[in-house]
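One structure is given here, and the rest of the page talks about it.
Computation of the quantities below employed the complete heavy-atom set of this structure, encompassing side-chain atoms and omitting hydrogens, waters and symmetry-equivalent molecules. Everything numeric here is computed off the predicted structure, so don't read it as measured data. The sequence lines fix the lettering, A, B, ..., with proteins before strands; numbering per chain opens at 1.
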Amino acid sequence: MEKGMNFFLNRYKQLGETVKSVGIRQTFRVNTLNIAEKALISRLNSLGVEVSKIPFNKYGYYIDKSRFSLGAIKEYLLGYYYLQGAASQIPVEILNPKKKELVLDCCASPGGKTSQISQWMNNEGIVVALEKQKQRIPALKNNLERMGCYNVIVFHMDAIKADRLNLKFDKVLLDAPCSGNFVTEPNWFGKHRNINTIKNRAELQRDLLTACLSVLKKDGIIVYSTCSLEPEENELNMQWMLDNFKVNLEKINIIGDKGLTNVFGKKLNKQIENCKRFWPNKTRTEGFFVAKVRKL
Amino acid sequence: MKEFIEQFTREKLFDENDILKLRSEFYLVQPELATILRKTKHQTSFIGIYLGKKKKNFIPSSYLLEKLAKHTKNKVSVNDKGAWMFICGKHIYARSITEFNPQQKFNDLILVLNKHNECLGYGKMINRFDSKKVAVQNIFDIGDFVRRERKN
């Protein structure tokens, strides 16, 4: 069976990367719906919390030093920030939702990115948030309340059935369910993960991409992201999209490596270079992949 | 919800036509969101501005508490220690209170604000503000967000 740490590390080597485990710093996003950025930083500083700006995020900060957890203090409860990874703040920054737009967030819980979309839209326009798993909806609602999001509608619905909403969206965020990566999951290389589980995920992601395209307006944008390093869930899915739909992959100007165009000897469309791949040892973030797809 | 609001203010805070009741929860729904909801013909789990939930008692949202704080005199300000204890679910001792309305009566519902005028929750006045005892009994505080997360 194709599985285990050596199997996956060898794959990364074949893709040109010698991947090592890295410690990643705790980060947060300032929620400007509830507080001005400077005011929050000043309040955190006065509590003895030292932070520094993440150079590639609009409202992201590293927590450099804190004597206590930032997950329960008053400023957290008042929704002044969201504890969110640096890489995971990127998809919404690329989606760049605007006031007045109708935006779909496909796999919304626990709501970090949904609340970020509301923030970018300054609570104007509409965000439709879908969550398939009923038990994950309370966390989503809790975060939307805490973060002061007023332009969101949540449906308990599998995004694969998004066409049942009878809506056409300007923009769609598909932060797809994925296999994850070894930086955020200590036992990632464990016995349950093998090439078949990766391929099953990739298949589900293609179904979700198909559903997203069906509800997207012409010329609309899908931002597709995963926190997986496996090309089946990333570049190969993008190749499949280019082969089957009228879409373009648009250039993303942010840190990270270009999307791979040679995957295990298979040559892919040059447009895939426009995507971004985050190798943890290079970006000091979790493993990540992001693509900006325009429907033609 | 109406009875809860009336314990703080007689002012009309919302147009009742804009309020949607979803099971036990209340939402303030802007017209654009209402239009989308009608188009989809689907049951929603959350829409617009969450106002609170009717359980045994009404549990207000942080939005509603902030809104009430602007329209009521039933409020006290507390020092940092009192604020911290309150969001941990504790009651407010009179010595933690830095500002209050002298006309407040026993059993009044009272919002609890910190030094930044941020509403942290509400409670019931059970002793005088110049006593040495617990003056405000905690009924609801925003620490509930974390307690809910742990429950989930």
Taking every non-hydrogen pair under 4.5 Å, which of A:L165, A:N166, A:L140 racks up the most with chain B?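 Ranked by contacts with chain B, first place is A:L165.
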Cation over ring face, B:R95 and B:F129, 6.0 Å, 45°: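 Verdict for B:F129: no cation-pi partner in B:R95.
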Would you say B:K53's side chain and B:F26's backbone share a donor-acceptor pair under 3.5 angstrom?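 No, because the side chain of B:K53 does not come within donor-acceptor range (under 3.5 Å) of the backbone of B:F26.
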Pick one of side chain, backbone, both or neither for [X], based on which atoms fall under 4.5 Å of a heavy atom in chain A.
X      : value
B:Q30  : side chain
B:Y50  : side chain
B:C88  : neither
B:L28  : neither
B:D141 : neither

Top of B:N114, B:L120, B:T44 for chain A proximity - count of heavy-atom pairs under 4.5 angstrom: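 It is B:T44.
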Which one wins on heavy-atom pair count under 4.5 Å against chain A: B:I36, B:V29, B:L37?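 Answer, by heavy-atom pair count under 4.5 Å with chain A: B:I36.
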Check the surroundings of atom NZ in B:K81: do more than 12 heavy atoms from other residues, nucleotides or ligands lie under 6.0 Å from it?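 It does not: B:K81 NZ has 12 such atoms or fewer within range.
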For the rings on B:F4 and B:Y122, is their centre-to-centre separation under 6.0 Å?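 For B:F4 and B:Y122, the ring centres are under 6.0 Å apart.
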Within a strict 4.5 Å, meaning less than it, do heavy atoms of the A:M157 and A:K132 side chains meet?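 A:M157 vs A:K132: side chains apart.
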Please classify the contact of A:L167 with chain B as side chain, backbone, both or neither, using a heavy-atom distance under 4.5 Å.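 Looking at A:L167, just its side chain touches chain B.
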Would you name the heavy atoms of A:E286 and A:C227 that are closest together and state the gap between them?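 It is OE1-CB, 3.7 Å.
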Taking A:Y81 as the fixed residue, which of A:Y61, A:F28, A:Y59 is the one that meets the ring pair (Phe, Tyr, Trp, His ring centres under 6.0 Å) rule?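 Only match with A:Y81 under ring pair (Phe, Tyr, Trp, His ring centres under 6.0 Å): A:F28.
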